[in-house]
*Asks:* 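Once you've had a glance at the structure underneath, I'll fire off some questions.
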Amino acid sequence: MRAAVLRALGERPRYEEVREPLLGEGEEVVQVTACPLTNLDRDRAAGTHFAAPAVLPAVCGSALAAGRLPDGTRVLFRSPGGTMAERAATRRAWCLPIPDGLDDALAAAVQNPGVAAWNALKWRAKLRPGESVLVLGATGVAGRIAVQLAKHLGAGKVVAAGRNPRALAGLPALGADATVRLDQSDDALRKDLRDAAGDEDFDVVLDYLWGRATEVFISTLGFADMELRFSRTRLVQIGAMAAPALRLSAQTLRSSGLEIMGSGTGNAPPAEVLAHELSQTLALLSEGRLRMEIERVPLARVRHVWNLDQQGRRTVLIP
């Protein structure tokens with residue numbers, strides 16, 4: 001069979017022949033029908049992620065993919081051996097049925113950003129109905145999903161911040177109550193973020209960027225007095241598309257209600273919660289209450305599209 005194979009960290013994968021999946025006890029072969037290309041895949045292949053492959057060559061594909069089991073059941077599945085291939089090994093316990101009427105490619109594309117946003121909003125930030133949400137990096141695939149899920153989960157106000165003006169213009173139709181452009185001076189951005197927050201600070205911030213934009217946002221918090229007050233701004237760090245680090249003022253932490261937490265593999269909810277979140281996300285997509293744009297690309301072209309910016313669309317590789 002053929003697969004997307006990484007031979008060295010920092011290189012793009014190659015489409016080449018590999019051996020058939022080796023099955024362990026309780027495993028079976030799944031015929032892959034669609035596999036998303038995610039930023040996590042790119043970061044792991046580049047060697048910049050803590051979960052970069054330790055043994056090479058390796059078949060790429062870290063997210064759940066769509067496929068068909070031997071009995072014909074359509075499922076989202078995971079495979080430790082990689083999912084960017086014509087076939088992969090999985091277990092029934094690692095599979096979730098795809099709802100009838102939902103396209104395999106859409107199901108595969110939505111699971112990673114959908115569950116990540118759900119986790120950040122409900123598991124980590126514990127969003128309550130009526131609270132305000134700021135999404136930093138809202139014009140990307142994950143950010144667009146986050147805007148929609150925040151509204152679905154009861155946010156009273158959702159502000160979307162991003163660099164792409166065309167993509168920003170389309171976010172009110174997805175539930176954003178206001179938008180903020182990040183490609184402006186620090187002072188202008190600081191003012192726009194304060195204006196968007198209104199009289200109260202944001203309750204929840206989903207941060208897909210880190211770096212400069214996050215620093216500017218944090219600088220909008222804090223008080224230059226000694227008054228005792230209670231406030232909470234839960235900033236959930238999900239991605240680092242802009243920078244891997246930032247400068248953080250100790251004074252801001254002491255004079256504001258800022259709470260910073262991460263959302264990822266090290267603090268994930270129990271498996272049953274993840275399965276529920278994914279099922280809910282798939283149902284919303286199937287019912288048309290969640291919208292997502294995808295670009296279907298033959299797996300054979302993986303090398304050509306590996307580093308392409310799809311402008312808010314998820315690339316889905318089709319074996």
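Nothing fancy with the numbering, it's 1 onward along the sequence. Just so it is clear, the structure is predicted and the values come from calculations on it, not from any experiment.
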*Asks:* How long is the straight-line distance from CD of E131 back to OG1 of T233, given to the nearest 0.5 Å?
*Replies:*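 Separation between the atoms: 10.0 Å.
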
*Asks:* Within a 6.0 Å radius of atom CE on M292, are there more than 12 heavy atoms belonging to other residues, nucleotides or ligands?
*Replies:*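 Buried by this count: over 12 neighbours within 6.0 Å.
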
*Asks:* To the nearest 0.5 Å, what is the distance between CD1 (I145) and CG (L290)?
*Replies:* 4.5 Å

*Asks:* Do the charged groups of D203 and R128 touch, with an N to O distance under 4.0 Å?
*Replies:*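 Looking at R128 together with D203, the answer is no, because their closest N to O distance does not fall below 4.0 Å.
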
*Asks:* In plain terms, say whether E215 and R247 are close enough for a salt bridge, that is, a side-chain N and a carboxylate O under 4.0 Å apart.
*Replies:*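 Salt bridge flag = yes for R247 with E215.
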
*Asks:* Counting heavy atoms not belonging to N307, are there more than 12 under 6.0 Å from its CG?
*Replies:*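 Result for CG/N307: enclosed.
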
*Asks:* Distance from R181 atom CZ to T179 atom OG1, nearest 0.5 Å?
*Replies:*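 If I round to the nearest 0.5 Å, the distance is 9.0 Å.
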
*Asks:* Classify the ring geometry between W118 and H276 as parallel (under 30°), tilted (30 to 60°) or perpendicular (over 60°).
*Replies:* perpendicular

*Asks:* Using the ring of W94 (Phe, Tyr or Trp, six-membered ring only), decide whether R91 places NZ or CZ under 6.0 Å from its centre and within 45 degrees of its axis.
*Replies:* yes

*Asks:* I need the L206 CG to N119 CG distance, nearest 0.5 Å.
*Replies:*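 One finds 11.0 Å between CG of L206 and CG of N119.
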
*Asks:* Looking at Y15, I'd like to know if the NZ or CZ of R2 sits under 6.0 Å from its six-membered ring centre while staying within 45 degrees of the ring's axis.
*Replies:*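 Yes, a cation-pi geometry.
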
*Asks:* With a 3.5 Å cut-off and no angle check, do the side chains of R163 and T139 form a donor-acceptor pair?
*Replies:* no

*Asks:* Salt-bridge test for R92 and E28: reply yes if a basic N is under 4.0 Å from a carboxylate O, no otherwise.
*Replies:*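 So R92 pairs with E28 through a salt bridge.
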
